[in-house]
S.K.: 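Here it is, the structure, as structure tokens.
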Amino acid sequence: MIVYVFGNLDLDFDSIPCSILPRLKEKFPKIEWRTKDPNELDVYANDSLIIIDTVKGINKVDVIDATDISVNKKMITVHDFDLSFYLKLIKKIKKNIGIYIIGIPMFYNKDKAITEVSIFLSDLILKNEKHNSYKDHKLL
């Protein structure tokens, strides 16, 4: 499983995803972690796209799926425009892809972020394993 981590360590409000990455790597050593620009996602590698990023306007860690992204019309920065536009494009091209953004609030407590992100990651890992075992069974 690949998880993409976005953020910018030079900006306090956008640094949490990158700053908690070392501890997430320890907790989830089997995940392939990638820190990339939003426009460098390898969407053909998996049936799902999991991203950890800072999200403005939320007060706790939450999972945002592709349907939530298409409804969001409020653009804060060029980064938001690029990511939301790109994810909408991916969803049109690869209709069956699951897109999940684990959103962390700006200026959030890092320990709380690690705990809450870990819960959502564990859930997504479990869903992914069930999905893959179903696909394998279906092919037999």
S.K.: Please lay out, stage by stage, how F120 and V61 fare under the test side chain to side chain contact (heavy atoms under 4.5 Å, CB included).
M.R.: CA-CA 9 Å; F120 285 117; V61 173; 3.7 Å; yes
S.K.: Given side chain to side chain contact (heavy atoms under 4.5 Å, CB included), test K56 with F13 step by step and report yes or no.
M.R.: CA-CA 9 Å; K56 183 177 182 177; F13 68 88; over 6 Å; no
S.K.: Quick check for you: to the nearest 0.5 Å, what is the distance between S48 atom OG and K94 atom NZ?
M.R.: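 Separation between the atoms: 8.5 Å.
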S.K.: Can you tell me which residue among V5, V3, I52 is in a side chain to side chain contact (heavy atoms under 4.5 Å, CB included) with I102?
M.R.: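 Going through V5, V3, I52 one by one, the side chain to side chain contact (heavy atoms under 4.5 Å, CB included) with I102 is satisfied by I52 alone.
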S.K.: Taking atom CE of M106 and atom CG of N59, what is their separation to the nearest 0.5 Å?
M.R.: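 Atom-to-atom, M106:CE and N59:CG are 14.0 Å apart.
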S.K.: Is there a path of hydrophobic side-chain contacts, each under 4.5 Å between heavy atoms of I, L, V, M, F, W or Y residues, that connects L11 with F107?
M.R.: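 Result: yes, single cluster for both.
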S.K.: Which atoms form the tightest heavy-atom contact between E116 and Y108, and what is the distance?
M.R.: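 The pair with the smallest heavy-atom distance is OE1-OH, 2.9 Å.
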S.K.: Would you sort out whether I104 and D53 count as a side chain to side chain contact (heavy atoms under 4.5 Å, CB included), showing the intermediate values?
M.R.: CA-CA 6 Å; I104 302 173; D53 198 3; over 6 Å; no
S.K.: Not counting sequence neighbours, which residues clear side-chain hydrogen bond (donor to acceptor under 3.5 Å, both in side chains) with D111? List them please.
M.R.: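 Counting only residues at least two positions away or on another chain, D111 forms a side-chain hydrogen bond (donor to acceptor under 3.5 Å, both in side chains) with R23.
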S.K.: Could you measure the distance from the CZ atom of F6 to the OG1 atom of T35? Nearest 0.5 Å is fine.
M.R.: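 It comes to 9.5 Å.
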S.K.: Side-chain contact, heavy-atom cut-off 4.5 Å: L24 with S118?
M.R.: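 In short, these two side chains touch, coming nearer than 4.5 Å.
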S.K.: For the CG atom of N109 and the OG1 atom of T115, what is their distance to the nearest 0.5 Å?
M.R.: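 The distance works out to 8.5 Å.
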S.K.: Decide yes or no on side chain to side chain contact (heavy atoms under 4.5 Å, CB included) for M1 and F28, but give the supporting numbers first.
M.R.: CA-CA 10 Å; M1 170 182 281; F28 299 94; over 6 Å; no
S.K.: Do I99 and I58 belong to the same hydrophobic cluster, where Ile, Leu, Val, Met, Phe, Trp and Tyr are linked whenever their side-chain heavy atoms lie under 4.5 Å apart, directly or via other members?
M.R.: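 Looking at the clustering, I58 is in the same group as I99.
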S.K.: Can you give me the closest heavy-atom contact between K110 and S19, atom names plus distance?
M.R.: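 What the structure gives for the nearest pair is CE-OG, 3.3 Å.
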S.K.: Would you say W33 ends up clustered with L9 if hydrophobic residues are merged whenever their side chains have heavy atoms under 4.5 Å apart, either directly or through other cluster members?
M.R.: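 No, because L9 and W33 fall into different hydrophobic clusters, even though each may have its own neighbours under 4.5 Å.
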S.K.: Would you give the length of the straight line joining atom CD1 of I125 to atom NZ of K30, rounded to the nearest 0.5 angstrom?
M.R.: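 Between I125 CD1 and K30 NZ, I get 10.0 Å after rounding to 0.5 Å.
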S.K.: Could you measure the distance from the CG atom of D62 to the CD1 atom of I64? Nearest 0.5 Å is fine.
M.R.: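 The CG atom of D62 sits 6.5 Å away from the CD1 atom of I64.
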S.K.: Are any of the side-chain heavy atoms of T54 and P17 separated by less than 4.5 Å?
M.R.: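 The answer is yes, as the side chains (C-beta and beyond) meet within the 4.5 Å cut-off.
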S.K.: Is it the case that one hydrophobic cluster holds both L49 and I2, taking links as side-chain heavy atoms less than 4.5 Å apart, direct or via other members?
M.R.: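 They do share one cluster, since a chain of ILVMFWY contacts under 4.5 Å joins L49 to I2.
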